[in-house]
Asker: 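This is the structure I want to talk about, given as structure tokens.
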2 protein chains.
Amino acid sequence: MISSPQTESLIKETAKKVLFQKGLLYATTQEIADEAGVNRALIHYYFRSREHLIATLFEEAIAERKARFLNILGMDAPLQTKIATFIDVFIDRATQNPHIDNFIIGEMIRRPNEVKFFCIKDSKLKERLQLQLDEEISKGTIKPISLTHFLVNLSSLCNYPILAKPILQTIHGMSELGYKKFLQERKKVIFKTIFKNNFQNGTSDPAIH
Amino acid sequence: MISSPQTESLIKETAKKVLFQKGLLYATTQEIADEAGVNRALIHYYFRSREHLIATLFEEAIAERKARFLNILGMDAPLQTKIATFIDVFIDRATQNPHIDNFIIGEMIRRPNEVKFFCIKDSKLKERLQLQLDEEISKGTIKPISLTHFLVNLSSLCNYPILAKPILQTIHGMSELGYKKFLQERKKVIFKTIFKNNFQNGTSDPAIH
DNA sequence: TCCATGTTTATCATTTTTGTTAAACATTAG
DNA sequence: CTAATGTTTAACAAAAATGATAAACATGGA
């Protein structure tokens, strides 16, 4: 008999929604089951335990993040295109799942052994990025900076405003709509913060005033 | 009889240590009591409930953050000095309590009503900063940018690398020592990312290669 | 139809965590 | 010294969360 993956998938997707979108990282199995509209026992039926469910979410989250990271930065394109794509994709993706980084970090702290994640230290990707970065630096479009700091700058500028959404909203007094507009403006701002020229387009920039 | 605040203070400081330094945001009262070496009932004696303890930590955390923010950005000094100080203080402070932002964000999500935090929208601070920023922009030391995006850039660059420490360490293959060195380098990198000139000093920069 | 297999539910047991209470302990003023 | 007050502890009670199980239910093939 064919096992219908509907319920299993429903539980997993609901768990992602509760944890990554709502930010309830401490959600109980009952809360997840209620949100999914299924009996709590089904979580144990399909995932054995809460811990297994969480571990599954964690593995998928880092796999997805890694794939996105490598796909975008590894594509065959000029650095400026890669970065513009990175900004666009990471901001949009993180907007959908604003608390996924919090979850990943929390899990990595909670069980420091089982974490493998990924390391770009010795990959060819790193070499290629280094070449592209050097090229931009010698062209004068990027100020001298190490590849690591460059990538951390990029990640910081994209991810922090989403991770710290409640803080930004209160400090700068943003409504929900204002915040949304702010994030879209931000794509251009980040690009301009990283590159000296204005690659993306020449339209007037609402983010300045 | 004078109530000795030693135990109460010990519990609170230990709770901060467990939550903000170790990152165990889901820590039980028993874990906190054990870490402090006191009987768990004392937590209820001094703080009534776990919830009250957490609320106390939350209020102090945002008060401290607010004070630091306003003190540094509100001091009577050139913008470059303020920013350099901000970077220095926030990175060092966040290094001591790497998970405090995670905690604040989690609490703000968990009880969206009770959050007052602070808003710089209509303060004189904002006007003064805007003047200083405009001045730098017209001098050409900062690229045109709105004050909000400028401040968010600054916060992002300072805080994300600490908040996402485990992610950075695995992606870029950093040891504990390497990470520490990285954060110190980062102070200069952030300043140079924000300002076009190199204000701080003219020594050779280890962060480039 | 009826059986076999997979799925779902209701119920119970266990564990974990929080919160309470009364008694023991310490300290200081009188 | 001792009585009063504040502090600490051990033990208990209650609540919440996880996990396990057996029975009910559904479905598809012989």
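Lettering of chains follows the sequences in order, A, B, ..., and the numbering in each one begins at 1.
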Asker: Just N and O in the side chain of B:T7: are any of them under 4.0 Å from OP1 or OP2 of D:dT8?
Answerer: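 B:T7 to D:dT8 OP1/OP2: side-chain N or O found under 4.0 Å.
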Asker: For A:T95, check side chain to side chain contact (heavy atoms under 4.5 Å, CB included) against everything at least two apart and list the hits.
Answerer: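 Expected list: A:I91, A:I162, A:L183.
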Asker: In plain terms, say whether A:R111 and A:E107 are close enough for a salt bridge, that is, a side-chain N and a carboxylate O under 4.0 Å apart.
Answerer: yes
Asker: Of all residues at least two apart in sequence or in a different chain, which pass the side chain to side chain contact (heavy atoms under 4.5 Å, CB included) check with B:T28?
Answerer: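 Side chain to side chain contact (heavy atoms under 4.5 Å, CB included) check on B:T28 returns B:Q30, B:E31.
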Asker: Got a sec, which residues hit side chain to side chain contact (heavy atoms under 4.5 Å, CB included) with B:E60, two or more places apart in sequence or on another chain?
Answerer: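 Partners of B:E60 by the side chain to side chain contact (heavy atoms under 4.5 Å, CB included) criterion, ordered by chain and then number, come out as B:K12, B:K16, B:T56.
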Asker: Rounding to a whole Å, what distance do you find between A:I32:CD1 and D:dG19:P?
Answerer: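 Roughly 11 Å, once rounded to whole Å.
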Asker: What is the distance, rounded to the nearest whole Å, between atom NE2 of A:H52 and atom P of D:dT18?
Answerer: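 Atom NE2 in A:H52 sits about 15 Å away from atom P in D:dT18.
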Asker: In whole angstrom, give the distance that lies between atom CZ of A:R50 and atom C1' of D:dA20.
Answerer: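 The answer, rounded to whole Å, is 18 Å.
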Asker: Walk me through it: do B:F103 and B:I54 pass the test side-chain contact (heavy atoms from CB on, under 4.5 Å)?
Answerer: CA-CA 10 Å; B:F103 170 77; B:I54 297 294; 3.9 Å; yes
Asker: OP1 or OP2 of C:dT8 sitting under 4.0 Å from any side-chain N/O of A:Y46?
Answerer: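 It does, given that an N or O in the side chain of A:Y46 lies less than 4.0 Å from OP1 or OP2 of C:dT8.
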Asker: Give, ordered by number, those residues of residues 33-41 of chain B having at least one heavy-atom distance below 4.0 Å to an atom of DNA chain D; if nothing qualifies, reply none.
Answerer: B:N39, B:A41
Asker: Can you list everything that forms a side chain to side chain contact (heavy atoms under 4.5 Å, CB included) with A:T148? Sequence neighbours excluded, please.
Answerer: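 A:T148 satisfies side chain to side chain contact (heavy atoms under 4.5 Å, CB included) with A:S146, A:V152, B:H172, B:M174, B:F182 once adjacent residues are dropped.
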Asker: Compare side-chain N and O positions of B:T29 against OP1 and OP2 of C:dT18 and report whether any pair is under 4.0 Å apart.
Answerer: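 So the side chain of B:T29 is within the cut-off, an N or O lying under 4.0 Å from OP1 or OP2 of C:dT18.
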Asker: Rounded to the Å, how far apart are B:I11 CD1 and D:dT9 C1'?
Answerer: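 B:I11 atom CD1 is separated from D:dT9 atom C1' by 13 Å.
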Asker: Rounded to whole Å, how long is the line connecting atom CZ of B:F47 with atom P of C:dT18?
Answerer: 15 Å
Asker: Under the salt bridge (charged side-chain N to carboxylate O under 4.0 Å, His left out) definition, can you give me all pairs with a residue in residues 78-103 of chain B, not counting sequence neighbours?
Answerer: B:E64-B:R93, B:R65-B:D101, B:D88-B:K187, B:D92-B:K187
Asker: Let me know the distance between CD1 of B:I43 and C1' of D:dT7, rounded to the nearest Å.
Answerer: 15 Å
Asker: What's the OH-C1' distance between B:Y45 and D:dA11, to the nearest Å?
Answerer: 19 Å
Asker: Atom CG of A:L42 and atom P of D:dT18: how far apart are they, to the nearest Å?
Answerer: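 It works out to 15 Å between those atoms.
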